[in-house]
Amino acid sequence: MRKIVIGSRKSQLALTQTDWVIEKLKEIAPQNEYEVKKIVTKGDQILDVTLSKVGGKGLFVKEIEQAMYDKEIDMAVHSMKDMPAETPEGLTIGCIPIREDHRDAYIANDNVAFRDLPEGAIVGTSSLRRAAQVLAARPDLKIKSIRGNIDTRLRKLKEEDFDAIVLATAGLKRMGWSDDVITEYLEPEVCVPAVGQGALAIECREDDQEIRDLMDTLNHAYTHRTVMAERTFLDLLNGGCQVPIGGYAYLEGDDIILTAMVGTPDGKTILKEEVRGQDPYEVGREAADKIKARGGAEIIEAVREELDQ
Ligand SMILES: NCc1[nH]cc(CCC(=O)O)c1CC(=O)O
């Protein structure tokens, strides 16, 4: 028996995800005691400004990782897509549990279909990846930044000047919202999701073998393999959730099929490549090579320079 302290951001979604993990752990190892420790991250403190501007990788994870070094916590549950490609020295992603829905959700007032939105309609999102792909499909639409947790964003859709919003389906589902609130699912053919969207990353100290053994039982091989392909692509393009980059992989038999995307924020250029293969790192690298050969790295670099100003 061991008391296991699990770090979580204090947002409702983060706590829900952490509770979901604890429920699973209790089934596997009921002899342990589990405790949640809420940690305020830099990202939580500045949710009212445009996040992509304050940017920087790992805005939601740094303080949590420090608590792990300090042994205040033994593990931490993160949204995979908020995790920088590289894990710091001494820590590791101990497991990747089964992925929730990977798709972006489009939610419109009066359920107006995406193709029926009137010219100039306002779509709320603070994600350059979503903005790029919405504008690529509908160059006539306007993008307006929207911040806050899911409830806040749904309220702003009703009360403020928005016709529709786009957000992660996984967050909605984990928070218990029914499919009914979603007007349309944006399939990866239309909107390539963020790398790791819908997946969790459970981080722990590399040398804590007891915790690592416990986590092995929560790992989902399919999710792990596909997310690794996505993250290899992200890493090689020096990507992150603040630049317009996406990646989604699934398995067909034993093959990994990865769709990788880099776009300009105005949606005028969208580079997309599909790569098939067996090894997640090879697949991710091949996708990165192909996107780079078409100027993808320069697009990311230009967006970063713009954000840094
Ligand atoms: N960027 C913030 C964030 N990080 C994880 C989720 C939702 C859950 C997920 O995508 O796995 C969200 C909200 C959103 O993008 O709408």
Side-chain angles (χ1 to χ4, degrees), residues 8-21 41-62 64 76-84 93 96-107 123-134 143-157 162 164-177 181-186 188 191-203 220 223-224 226-227 230-231 234 239-249:
S8 171
R9 290 174 53 201
K10 60 167 180 106
S11 79
Q12 218 43 55
L13 177 62
L15 290 169
T16 303
Q17 291 178 161
T18 300
D19 283 342
W20 181 86
V21 170
T41 66
K42 195 172 168 204
D44 295 309
Q45 291 171 326
I46 46 180
L47 275 178
D48 49 339
V49 255
T50 305
L51 262 193
S52 45
K53 287 222 171 103
V54 281
K57 288 181 182 177
L59 212 52
F60 291 111
V61 304
K62 268 210 183 98
I64 294 178
V77 180
H78 307 279
S79 288
M80 178 60 90
K81 76 177 187 199
D82 297 334
M83 293 292 276
I93 295 178
I96 305 179
I98 190 166
R99 169 144 55 181
E100 237 304 349
D101 202 312
H102 58 275
R103 295 172 293 181
D104 283 310
Y106 160 87
I107 305 177
V123 178
T125 176
S126 297
S127 148
L128 295 180
R129 175 187 60 81
R130 289 174 182 144
Q133 295 181 100
V134 163
I143 300 289
K144 197 172 136 191
S145 177
I146 186 167
R147 292 239 67 91
N149 62 30
I150 295 167
D151 295 21
T152 305
R153 282 188 264 174
L154 288 169
R155 181 177 52 75
K156 285 181 176 175
L157 169 63
F162 293 103
I165 56 175
V166 180
L167 38 73
T169 302
L172 282 169
K173 290 200 172 163
R174 287 194 195 275
M175 293 298 292
W177 289 86
V181 296
I182 297 170
T183 307
E184 277 170 39
Y185 290 101
L186 302 180
C191 188
V192 181
V195 162
Q197 182 157 301
L200 303 180
I202 311 186
E203 202 178 16
H220 188 249
T223 306
H224 197 279
T226 48
V227 168
E230 297 165 14
R231 280 175 66 80
L234 182 77
C241 64
Q242 66 278 28
V243 292
I245 185 166
Y248 173 66

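Ligands are counted one by one from 1 in listed order, and the atoms in each one are counted from 1 as well. Hydrogens, waters and symmetry mates play no part in the numbers below; they use all other heavy atoms, side chains included.
In this structure, Lys156 fails the cation-pi test against Phe162, since its NZ or CZ atom is not both closer than 6.0 Å to the six-membered ring centre and inside 45 degrees of the ring normal.
For the pair Leu200 and ligand 1, no heavy-atom separation below 4.0 Å is found.
The heavy-atom pair separating Gly198 from Ala170 by the smallest distance is CA-CB, 3.5 Å. Of all non-hydrogen atoms in Ile146 and Ser126, the two that sit nearest each other are O-OG, 2.6 Å.
Checking only distances, Gly196 never comes within under 3.5 Å of ligand 1, N or O to N or O. Geometrically, ligand 1 and Lys81 share a nitrogen or oxygen pair separated by less than 3.5 Å. Note: an N/O pair closer than 3.5 Å links Arg130 and ligand 1 by distance alone. Taking distance alone, with nitrogen or oxygen atoms compared against 3.5 Å, Ala170 stays at or beyond that limit from ligand 1.
A salt bridge is absent between Glu203 and Lys62: the closest approach of a Lys/Arg side-chain nitrogen to an acidic carboxylate oxygen does not fall below 4.0 angstrom.
The protein heavy-atom contact nearest to atom 4 (N) of ligand 1 is Asp82 OD2, 3.2 Å. The closest protein non-hydrogen atom to atom 9 (C) of ligand 1 is Gly198 N, 3.6 Å. When only non-hydrogen protein atoms are considered, atom 13 (C) of ligand 1 lies nearest to Arg153 NH2, 3.6 Å. Protein heavy atom nearest atom 16 (O) of ligand 1, with residue, atom name and distance: Ala168 N, 3.1 Å.
Ala76 pairs by the side-chain contact (heavy atoms from CB on, under 4.5 Å) definition with Ile64, Met68, Ile73, His78, not counting sequence neighbours. Residues satisfying the side chain to side chain donor-acceptor pair (under 3.5 Å) test with Thr125, not counting sequence neighbours, are none.
Ile107 contributes atom CD1, which lies 4.5 Å from atom CG of Leu167 (distance to the nearest 0.5 angstrom).
Contact annotation: for Ile150 versus ligand 1, there are no heavy atoms closer than 4.0 Å.
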